[in-house]
Amino acid sequence: MSFHSIKQTIAPSSNTLPTYAAKDLTMNGDQAQIVLGEQIYTLRITRAGKLILTK
């Protein structure tokens, strides 16, 4: 499994949480894998523009 460098998108707000554009995470596609510990999750952008995260 390879990991790609993701560009952090800066949102104009005083929010201090890291903010990422979904299209950056999916590299302009509609799916990305997110690893947490030993688990792999799939992030999917639907045709309706909603996000779904599944294990």
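Just the heavy atoms: all of them, side chains too, but no hydrogens, waters or symmetry mates, feed the values below.
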Quiz prompt | Nearest-0.5 Å distance that lies between atom OG1 in T19 and atom CG in L17 | solution = 6.5 Å
Quiz item: Which heavy atom in I45 sits nearest to a heavy atom in A22, and how many Å separate them?
Solution: CD1-CB, 3.9 Å
Exercise. Could you state whether I52 and Y41 fall into the same hydrophobic cluster, counting links through intermediate Ile, Leu, Val, Met, Phe, Trp or Tyr residues with side-chain heavy atoms under 4.5 angstrom apart?
Key: no
Self-check item: Nearest-0.5 Å distance that lies between atom CG in L43 and atom CD in Q33
Solution: 10.5 Å
Quiz prompt | Nearest heavy-atom neighbours spanning D30 and T26 | solution = C-CG2, 3.9 Å
Exercise. Would you please test T42 and Q31 for side-chain contact (heavy atoms from CB on, under 4.5 Å) and show each step?
Key: CA-CA 7 Å; T42 300; Q31 292 188 40; 3.6 Å; yes
Quiz item: Just how far is it from atom CG of L36 to atom CD1 of I40, taken to the nearest 0.5 Å?
Solution: 11.0 Å
